[in-house]
Amino acid sequence: MSELLDVRVASVRQLTPLVREFTFEAVSGELPGFSAGSHVQVHMPGTGRPLCNAYSLLSDPLQRQYYRIAVRLQEQSRGGSRFMHEQVKEGDVLRLSPPANLFAPHSRAGHHLMIAGGIGITPFMAYIAALEQRGGSMELHYAYRSGLTDTYLEELAARLGAALHPYDGRAGQRLNIRQVLSDQPLGTHVYICGPDSLISDVCQTADALGWPAERIHWEAFAAPEPGEPFVAELADGRTLAVPGDYSLLEALEQAGVPVPNLCRGGVCGQCMTPYSAGEVDHRDLYLSDSERADHLMPCVSRGKGGCTVKLAL
Amino acid sequence: MTTAAAMLSTPVYRPVLPPLPAQHRLLVVQHLALPETAYWQQQLGEEGVPVSLISLNGDMEQLFGSLQQRLSQARVGTRLYICGDESFLWKVHQQARQCGLLNGEIELIRTADSRELYCVHCSTLQTIEPAPLVHCRQCGLQLMVREHFSQRLGAYMGVCNDPFAPYGEAPATVASTSLEEQAS
């Protein structure tokens with residue numbers, strides 16, 4: 001795994017009652033470059049537990065002075081978004097994993113159709129900057145709740161003009177997915193970032209309209225859902241009790257067993273771990289049914305009913 | 001001699017029915033008069049999805065022109081069905097890719113067993129019946145039909161079957177005999 005980056009919090013802005021923006025600069029040297037759609041993992045110290053959430057970089061990928069992220073306060077927070085909202089102050093030093101990209105705009109798309117729900121706008125801020133620079137054709141459909149999750153709306157309206165299609169859920173405005181997807185020129189790729197329900201609605205509608213999977217790209221970063229406690233047994237015989245509000249990955253990290261990972265959300269495939277016994281509640285979007293027989297994704301998946309999962313680690 | 005094993009590039013033709021969802025289907029046929037044309041037009045039009053037909057009228061360039069014109073107006077949700085022999089399928093496939101269709105939007109309906117073979121020694125393209133060994137129509141060399149398929153040429157690769165009789169030298173049997181004689 002790449003070395004962690006030390007960054008200083010250069011500024012903090014409250015954008016809406018629910019969304020806080022953070023700008024990071026390098027403590028020393030230069031920040032590594034990144035491409036549109038990249039994310040970083042922010043390590044959160046002092047929460048009494050290992051905690052590390054992935055956030056999309058929303059700043060212009062061409063400028064190298066700072067990284068910028070926006071964090072929505074989650075009601076069901078395991079502590080990550082609350083920590084960012086309540087603890088992090090200007091001047092603080094945080095550690096980040098270097099940027100990784102699992103959601104890049106397709107290089108051969110003739111038209112980029114972006115669909116954002118709420119805080120899912122963040123990767124598209126970097127997309128828009130990159131597409132403006134290369135003169136890419138684009139349109140953005142942005143569903144939000146005014147005064148709560150309408151992050152960057154004014155800036156987007158100024159930058160995109162008619163290519164911005166806003167939908168204020170509080171005013172009863174609805175995004176008609178079918179209408180949008182049924183009239184797109186042939187070279188179009190669609191990108192979705194937002195809640196799972198939005199992603200699955202768009203994917204299902206696209207599929208029914210004859211969009212091939214190659215044209216559909218999505219990213220859902222959600223912290224792992226809590227579950228029942230269970231036990232993990234390591235290859236050397238050690239056993240770890242995994243509490244209900246810890247992911248297996250976090251429990252392994254706390255026990256000093258690092259597992260390579262990029263997304264911590266069950267999509268990238270990096271933390272795939274073989275296991276030989278135990279009933280597993282697979283919650284990832286990566287493994288095939290046959291792979292699930294002997295592999296699991298510790299970032300999101302858990303043992304069922306307090307069972308012991310034997311890991312080949 | 002058995003047929004060479006399938007390779008990564010060997011095309012696999014998946015069943016086209018039931019058709020995948022689409023907003024519009026485009027059917028390109030090599031022979032308008034064949035019974036397949038009417039059959040596929042009917043099958044693909046079930047559930048009320050509009051089907052447009054383009055047929056080869058002897059001239060590939062003209063066919064590519066109409067295909068390009070149709071696809072320049074097309075929306076995502078268009079599926080292309082190409083119906084003909086293997087060589088025709090891949091020539092149209094290549095053109096459709098250049099017009100912006102992705103592999104997942106193109107379906108191939110193969111109507112003949114014949115194969116196109118490319119002699120890697122004299123660069124001649126020729127139509128063959130399924131067989132592991134053939135003689136090149138142009139240079140006469142005995143070719144092994146490899147399962148390596150070029151999508152660009154729409155053809156399998158034919159390579160000299162006898163390593164002791166390389167291309168440009170005496171016919172296979174004579175050459176190998178003389179080599180054995182030299183060795184002894």
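The chains referred to below are lettered A, B, ... by the order of the sequence lines, with proteins before strands, and numbering in each begins at 1.
More than 12 heavy atoms of other residues, nucleotides or ligands lie within 6.0 Å of CZ in A/Arg134, so this atom counts as buried by the packing criterion. Heavy-atom contacts from other residues, nucleotides or ligands closer than 6.0 Å to CD of B/Gln68 number 12 or fewer. Residue A/Arg145 places its CZ atom among 12 or fewer non-hydrogen atoms of other residues, nucleotides or ligands, all under 6.0 Å distant. More than 12 non-hydrogen atoms from other residues, nucleotides or ligands lie less than 6.0 angstrom from CG of B/Asn103.
Contact check for A/Arg215 versus B/Leu102: side-chain heavy atoms found under the 4.5 Å cut-off. No side-chain heavy atom of A/Leu181 sits less than 4.5 Å from a side-chain heavy atom of B/Val76. At a threshold of 4.5 Å between non-hydrogen side-chain atoms, the residues B/Gln23 and A/Ser182 count as touching.
Most heavy-atom pairs under 4.5 Å with chain B, from the set A/Gly187, A/Ala208, A/Ala213: that is A/Ala208.
The CG atom of B/Leu101 sits 5.0 Å away from the CG atom of A/Leu186 when rounded to the nearest 0.5 Å.
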